[in-house]
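Data block below; observations after.
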Amino acid sequence: MTTAPSTIRRIAISTGGGDAPGLNAVIRAAVKAANRRGWESYGIRDGYNGLLMPERYPAGGLVPLTMEAVRGITHLGGTIIGTTNRGNPLHFPLQNPDGSWSEIDRTDELVQQFRVHEIDALVACGGDGSLGIANVLAKKGMRVIGVPKTIDNDLDRTVATFGFDTAVSFATECLDRLHSTAESHGRVLVVEVMGRYAGWIALNAGIAGTAAAILIPEIPYDIERVVECIRHREHTGRKYSIVVVAEGAAPAGGARAVLEQQVGRAERLGGAGQLVADALARITGKETRAVVLGHLLRGGTPTAFDRLLALRFGAAAVRALDEGESGIMVALDPPKVSYVPLAEATSRMKTVPLDSDSIKTARDLGIALGD
Ligand code: F6P
């Protein structure tokens with residue numbers, strides 16, 4: 001959606017959902033690009049909570065993002081303005097007088113808050129949830145540019161999201177470390193990684209880190225296929241095995257491992273690795289340990305790839321505003337950064353295609369995928 005260029009004086013930046021390495025690089029690039037154009041930048045604290053619950057923030061829910069404020073942050077993990085996955089304005093949690101919870105839509109109020117603070121445009125960094133909100137705000141008349149962020153890499157219409165490369169790199173390093181201890185003890189090590197309903201992190205790290213088996217949400221697994229793989233390795237002299245399990249993986253005909261379901265937020269996944277480890281220990285009789293990499297994949301310094309991508313996205317978001325764009329997401333479309341409608345980017349989740357080169361590569365390498 002394109003609107004006529006208008007005079008922008010003040011922009012806001014929000015970071016929503018789970019953090020991802022590279023968010024600070026986006027903030028810095030957007031603020032510097034805005035500053036070059038003579039625009040002021042403000043950060044909204046904790047997603048949109050800074051505007052929806054300003055009383056919770058002693059110094060105010062909007063943080064002035066001066067050049068000083070964004071100095072030296074390119075390499076830092078996390079986000080200097082905070083984030084949340086509990087403040088979705090479309091499904092804002094509201095406690096009823098009887099103590100139960102329901103959800104309300106606070107997007108009209110949010111648009112009103114942008115007007116009150118004379119914010120002319122928004123750069124919204126987020127995954128499918130946050131960019132879905134950005135799309136609604138754009139439809140309600142806000143000038144909005146989305147920036148695709150998630151370690152899960154499950155956003156459609158962009159070749160990559162920043163944070164994913166860092167997560168895969170760190171998971172691969174962990175698998176490298178786990179190989180030596182697994183081999184020394186002749187154990188099975190089951191490594192659970194994040195990724196929600198997509199297997200990108202598990203598949204990429206599992207291949208790079210030479211796992212014996214990789215279980216992803218896209219391929220419901222039969223534990224017997226993993227057992228066969230472990231026994232085959234055993235017969236050929238490899239007494240240990242590394243099994244990578246995506247947190248969203250589920251057995252054929254079974255359910256995903258869900259830790260918690262709460263009003264106003266996405267379900268929390270967890271425990272898939274332990275379930276696989278228990279089953280493998282029971283069936284093979286081998287000493288088995290489960291390791292959950294969890295939030296370690298979200299923390300730390302972004303890789304050079306993610307930093308560069310994040311800096312390109314942040315600067316491109318401001319250029320897009322300057323060109324009169326709104327309702328779009330900046331996207332990696334090598335070799336360029338292009339613009340795609342937010343509605344398209346958020347209409348479906350990008351999962352691992354079963355006929356993809358990576359799946360074929362895993363099979364050619366003899367990695368068991370549980371089917
Ligand atoms: O979407 C990013 C992600 O890290 C998922 O991989 C994971 O399921 C989820 O967020 C965890 O969220 P939380 O921060 O609530 O533990």
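Residue numbers count from 1 along this sequence. As the structure lists them, so they are numbered: ligands from 1, and atoms in each ligand from 1.
With respect to atom 15 (O) of ligand 1, the closest heavy atom belonging to the protein is Arg265 NH2, 2.9 Å. The closest protein non-hydrogen atom to atom 16 (O) of ligand 1 is His295 NE2, 2.8 Å. Of the protein's heavy atoms, Arg298 NH1, 3.4 Å lies nearest to atom 12 (O) of ligand 1. In this structure, the protein non-hydrogen atom closest to atom 9 (C) of ligand 1 is Arg196 NH2, 3.3 Å.
Proximity of Asn85 to ligand 1 is established by a heavy-atom distance of less than 4.0 Å. Not a single heavy atom of Gly127 sits under 4.0 Å from any atom of ligand 1.
Polar contact check, Met194 against ligand 1: no nitrogen or oxygen pair lies under 3.5 Å apart. The shortest N or O to N or O distance between Asp152 and ligand 1 is below 3.5 Å.
Nearest-residue assignment for atom 8 (O) of ligand 1 (options Lys149, Glu260, Glu247; heavy-atom criterion): Glu247.
Both cation-pi conditions hold for Arg106 and Phe92: the charged atom is under 6.0 angstrom from the six-membered ring centre and inside a 45 degree cone around its axis. Within the cation-pi definition used here (under 6.0 Å to the ring centroid, within 45° of the axis), Arg233 qualifies as a partner of Tyr240.
Taking 4.0 Å as the cut-off between side-chain N and carboxylate O, Asp371 and Arg225 do not count as a salt-bridged pair. The residues Lys360 and Asp357 are annotated as not salt-bridged, no charged nitrogen and carboxylate oxygen being separated by less than 4.0 angstrom. Remark: Arg37 engages Asp322 in a salt bridge, criterion side-chain N to carboxylate O under 4.0 Å. Salt-bridge check for Glu234 with Arg231: failed, with every basic side-chain N at 4.0 Å or more from each acidic carboxylate O.
Listed by number with element, the atoms of ligand 1 under 4.0 Å from a non-hydrogen atom of Gly195 are 6 (O).
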With a 3.5 Å cut-off and sequence neighbours excluded, list the donor-acceptor pairs that the side chains of residues 251-261 form with protein atoms.
residue, atom, partner, partner atom, Å
Glu260, OE1, Arg268, NH1, 2.6
Glu260, OE2, Gln262, NE2, 2.5
Gln261, NE2, Glu267, OE1, 3.0

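Remark: the Thr15 side chain and the Lys149 side chain contain no N/O donor-acceptor pair separated by less than 3.5 Å.
The residue Leu297 has no part lying near ligand 1, judged by heavy-atom distances below 4.0 Å.
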